[in-house]
A.B. asks: 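My questions will all concern the structure given below.
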Amino acid sequence: MLRHHGATPLNAGNQAISVERTVVMGERKRADAISYGRAVANALTAVGVENGGAAPAGEPGKLKRGLGISLLDPYWHIPDFENSVRMSLEWDEEHGWALLDVNEPGAARGYAYTYHDLELGVLPEPADVARLVDSVLAGKERLSGGFRRKYRMAIKHNVDFEAALAAYAAEFPGDSGAPL
């Protein structure tokens, strides 16, 4: 079984893989990530972080799966984010979650994009993501910007990773990604 930061299991239950939410690539079955994104979006809502739900992200046709969750509230009261014009959570199957801060350092300079790695592993529990993001947005914790740690390679098929990701589809059959 795959494990994330802190050596705790990726998923608590023994949930079946949903065939309808699995994409077949050659002989390998790849789970759709949108249900995992929705679980994270719902966990964020549960702790009071308003968001626009999960949406697929990344480059179409590329092997690496990605998700994005737009954060709806401005967090200008936090010194680290006082120049923010947009914030979102970004996930991909190689790096895990990061907080993307789009800010405007000055009118003549345009926009700057800073990724703050959550450092929770590639597939952390949604509640762990929500707790950390809530703490950061409340100004209680800080994240470092820049380098994102790579936990795995998308090109290397991992049955345990696919099963852990597919387990979220069983929780949200027919999922669109929008928050509940």
Side-chain angles (χ1 to χ4, degrees), residues 1-15 31-58 65-103 113-152 160-161 163-172 175-180:
M1 173 177 280
L2 286 178
R3 297 187 181 276
H4 67 87
H5 182 71
T8 56
L10 287 176
N11 283 310
N14 293 325
Q15 300 170 354
D32 192 342
I34 195 67
S35 294
Y36 173 60
R38 183 170 188 177
V40 172
N42 289 338
L44 288 166
T45 300
V47 298
V49 177
E50 292 186 45
N51 65 83
R65 291 165 285 195
L67 299 166
I69 300 175
S70 294
L71 303 181
L72 302 180
D73 282 340
Y75 294 96
W76 299 308
H77 62 282
I78 302 169
D80 289 346
F81 305 118
E82 61 192 17
N83 293 323
S84 294
V85 292
R86 182 173 61 85
M87 292 178 76
S88 63
L89 281 174
E90 305 285 331
W91 176 88
D92 73 52
E93 66 180 299
E94 293 182 344
H95 300 95
W97 289 100
L99 180 66
L100 171 62
D101 174 27
V102 180
N103 59 70
Y113 301 84
T114 305
Y115 282 94
H116 302 274
D117 194 340
L118 298 188
E119 298 180 356
L120 292 174
V122 71
L123 199 60
E125 290 293 328
D128 293 342
V129 175
R131 276 191 294 272
L132 179 57
V133 170
D134 184 46
S135 183
V136 168
L137 297 179
K140 296 176 185 171
E141 289 191 55
R142 295 184 75 177
L143 299 171
S144 60
F147 178 75
R148 291 184 70 190
R149 180 176 169 185
K150 192 173 202 171
Y151 295 98
R152 65 182 295 272
D160 291 335
F161 176 80
L165 192 58
Y168 288 96
E171 292 180 40
F172 302 103
D175 190 12
S176 69
L180 292 176

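Because only heavy atoms are used, hydrogens play no part in the values below, and waters and symmetry mates are left out as well, while side chains stay in. In this chain, numbering begins with 1 at the start of the sequence shown.
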A.B. asks: Where is the tightest heavy-atom contact between Pro126 and Ala43, given as atom of each residue plus distance?
C.D. replies: O-CB, 3.5 Å

A.B. asks: Specify the closest pair of heavy atoms between Gly37 and Ala54, including all atoms of both residues, with the distance to one decimal.
C.D. replies: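 Nearest pair, atom of Gly37 first, then Ala54: C-CB, 3.4 Å.
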
A.B. asks: Which atom names give the shortest non-hydrogen contact between Glu90 and Gly68, and what distance separates them?
C.D. replies: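 Nearest pair, atom of Glu90 first, then Gly68: OE1-CA, 4.1 Å.
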
A.B. asks: Between Ala39 and Tyr168, what is the shortest heavy-atom contact and its length?
C.D. replies: CB-CD2, 3.8 Å

A.B. asks: Relative to each other, are the rings of Trp91 and Tyr36 parallel, tilted or perpendicular (30° and 60° limits)?
C.D. replies: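 Rings of Trp91 and Tyr36: perpendicular, over 60°.
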
A.B. asks: With side-chain contact (heavy atoms from CB on, under 4.5 Å) as the criterion, how do Leu137 and Met87 come out once you've worked through the C-alpha distance, each side chain's angles and the decisive distance to 0.1 Å?
C.D. replies: CA-CA 11 Å; Leu137 297 179; Met87 292 178 76; 3.7 Å; yes

A.B. asks: How many angstroms lie between atom CH2 of Trp97 and atom CG of Asp92, to the nearest 0.5 angstrom?
C.D. replies: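 Result: 10.0 Å between the selected atoms.
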
A.B. asks: Do Asp117 and Leu143 touch side chain to side chain, with heavy atoms closer than 4.5 Å?
C.D. replies: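 Asp117 does not reach Leu143 side chain to side chain.
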
A.B. asks: Can you list the residues that meet the salt bridge (charged side-chain N to carboxylate O under 4.0 Å, His left out) rule with Arg142, with sequence neighbours excluded?
C.D. replies: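 Counting only residues at least two positions away or on another chain, Arg142 forms a salt bridge (charged side-chain N to carboxylate O under 4.0 Å, His left out) with Asp80.
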
A.B. asks: Quick one: are Arg65 and Leu165 in side-chain contact, heavy atoms under 4.5 Å?
C.D. replies: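 The answer is yes; the side chains approach within 4.5 Å.
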
A.B. asks: Any salt bridge between Asp128 and Arg131, counting N to O under 4.0 Å?
C.D. replies: yes

A.B. asks: Which heavy-atom pair separates Pro124 from Leu120 by the least distance, and what is that distance?
C.D. replies: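 Minimum heavy-atom contact is CB-O, 3.5 Å.
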
A.B. asks: Hey, what do you get for OG1 (Thr45) to CZ (Arg38), rounding to the nearest 0.5 Å?
C.D. replies: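 Rounded to the nearest 0.5 Å, the OG1-CZ separation comes out at 10.0 Å.
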
A.B. asks: For the CD atom of Glu93 and the CZ atom of Phe161, what is their distance to the nearest 0.5 Å?
C.D. replies: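 Here the interatomic distance stands at 5.0 Å.
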
A.B. asks: Tell me if a side-chain donor or acceptor on Arg149 pairs with a main-chain N or O of Gly96 at a distance below 3.5 Å.
C.D. replies: no

A.B. asks: Please report the shortest heavy-atom distance between Leu132 and Leu118, naming the atom on each side.
C.D. replies: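 Shortest heavy-atom separation between Leu132 and Leu118 comes out as CD2-O, 3.4 Å.
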
A.B. asks: Dump the intermediate steps for side-chain contact (heavy atoms from CB on, under 4.5 Å) on Leu44 and Leu89, then the final yes or no.
C.D. replies: CA-CA 11 Å; Leu44 288 166; Leu89 281 174; 3.5 Å; yes

A.B. asks: Answer yes or no: is there a donor N or O on one side and an acceptor on the other, between the side chain of Asp101 and the main chain of Leu99, under 3.5 Å?
C.D. replies: no

A.B. asks: Could I get the full list of salt bridge (charged side-chain N to carboxylate O under 4.0 Å, His left out) partners for Glu94, not counting sequence neighbours?
C.D. replies: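 Listed in chain order: Lys64, Lys150.
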
